[in-house]
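The block underneath contains the structure these notes are about, expressed in structure tokens.
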Amino acid sequence: MIAQGAEAVLWLDKQKILKERVTKGYRYPELDDKIRKFRTRREAKILQRLANLDFPAPHLQDFSDQRMALTMDFIQGPKLKDVLKQNNAK
């Protein structure tokens with residue numbers, strides 16, 4: 001595991017990232033499934049559009065809205081949030 005956020009856990013496997021959206025225990029199970037499925041599908045669609053535009057972003061390798069997971073390329077470098085924090089501090 002390389003990171004955990006409010007919505008997902010990120011795993012590094014060689015040069016691939018597996019992003020799994022986690023269940024929220026405070027939500028009704030049906031609502032939680034719908035939200036996680038929607039967000040997983042939406043993120044996959046955005047990554048596919050970025051690839052079609054040749055935008056420099058991780059390449060989507062696979063996604064499953066049953067497992068609520070995305071597999072994408074790992075890009076070496078600082079995290080975006082760290083870069084943004086650093087720029088805001090200047």
Side-chain angles (χ1 to χ4, degrees):
M1 182 171 74
I2 61 169
Q4 181 169 0
E7 289 199 4
V9 176
L10 299 177
W11 303 90
L12 177 61
D13 180 24
K14 298 180 183 155
Q15 290 300 311
K16 293 190 265 184
I17 292 289
L18 175 62
K19 180 177 184 177
E20 295 179 312
R21 294 200 188 281
V22 294
T23 302
K24 299 292 184 180
Y26 57 83
R27 288 187 194 139
Y28 290 109
E30 297 83 17
L31 178 61
D32 186 58
D33 283 347
K34 277 186 170 186
I35 290 171
R36 290 185 308 128
K37 188 176 285 194
F38 171 78
R39 290 179 178 170
T40 301
R41 286 179 178 171
R42 182 180 62 189
E43 186 172 355
K45 193 176 205 177
I46 289 168
L47 288 171
Q48 289 170 337
R49 286 183 181 171
L50 291 173
N52 291 341
L53 295 170
D54 290 328
F55 189 85
H59 179 262
L60 179 67
Q61 296 180 9
D62 190 25
F63 86 97
S64 170
D65 60 7
Q66 300 302 312
R67 291 183 312 131
M68 314 300 181
L70 299 154
T71 304
M72 60 191 102
D73 294 341
F74 173 70
I75 298 176
Q76 187 67 39
K79 294 177 186 173
L80 178 60
K81 72 175 187 174
D82 296 337
V83 172
L84 293 174
K85 281 183 188 177
Q86 187 177 31
N87 287 339
N88 282 339
K90 292 180 181 179

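By convention here, the first residue in the shown sequence is residue 1. Side chains included, hydrogens not; waters and symmetry mates left out as well; all remaining heavy atoms used. Just so it is clear, the model here is predicted, and its values are computed rather than measured.
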Starting at CG of D65, measure out to NZ of K37 and round the result to the nearest 0.5 Å. 5.0 Å
Tell me, please, which residues at least two apart from R49 pass side-chain hydrogen bond (donor to acceptor under 3.5 Å, both in side chains). none
side-chain hydrogen bond (donor to acceptor under 3.5 Å, both in side chains) contacts in which one or both residues fall within residues 70-81, not counting sequence neighbours: Q61-D73
If the condition is side-chain hydrogen bond (donor to acceptor under 3.5 Å, both in side chains), which residues does R67 pass it with, not counting sequence neighbours? none
Would M72 and F63 count as a side chain to side chain contact (heavy atoms under 4.5 Å, CB included) here? Give the steps. CA-CA 9 Å; M72 60 191 102; F63 86 97; over 6 Å; no
Correct closest heavy-atom pair for V83 and P78 would be CG2-CG, 3.8 Å
Over all atoms of both residues, closest heavy-atom pair of L70 and A44: CD2-CB, 3.8 Å
May I ask whether V22 and M1 are part of the same hydrophobic cluster, defined by side-chain heavy atoms of I, L, V, M, F, W, Y residues being less than 4.5 angstrom apart, directly or through others? yes
Given a cutoff of under 4.5 Å between side-chain heavy atoms of I, L, V, M, F, W and Y, with clusters grown through shared members, what are the other residues clustered with L31? Y28, I35
Identify every side-chain donor-acceptor pair in residues 5-18 under 3.5 Å, counting partners at least two apart or on other chains, and give the distances.
| residue | atom | partner | partner atom | Å |
| --- | --- | --- | --- | --- |
| E7 | OE1 | R21 | NH1 | 2.9 |
| E7 | OE2 | R39 | NH1 | 2.5 |
| W11 | NE1 | E20 | OE1 | 3.0 |

Grab the two heavy atoms, one from A57 and one from I75, that are nearest each other, plus how far apart they are. C-CD1, 4.0 Å
Could you walk me through whether K24 and D32 satisfy the salt bridge (Lys or Arg N to Asp or Glu O under 4.0 Å) test, starting with their C-alpha distance in whole Å, then the side-chain angles of each, then the deciding distance to 0.1 Å, before giving a yes or no? CA-CA 7 Å; K24 299 292 184 180; D32 186 58; over 6 Å; no
As an exercise, state the distance from NZ of K85 to CG of N87, rounded to the nearest 0.5 Å. 13.0 Å
Residues in side-chain hydrogen bond (donor to acceptor under 3.5 Å, both in side chains) with D33, at least two apart? R36
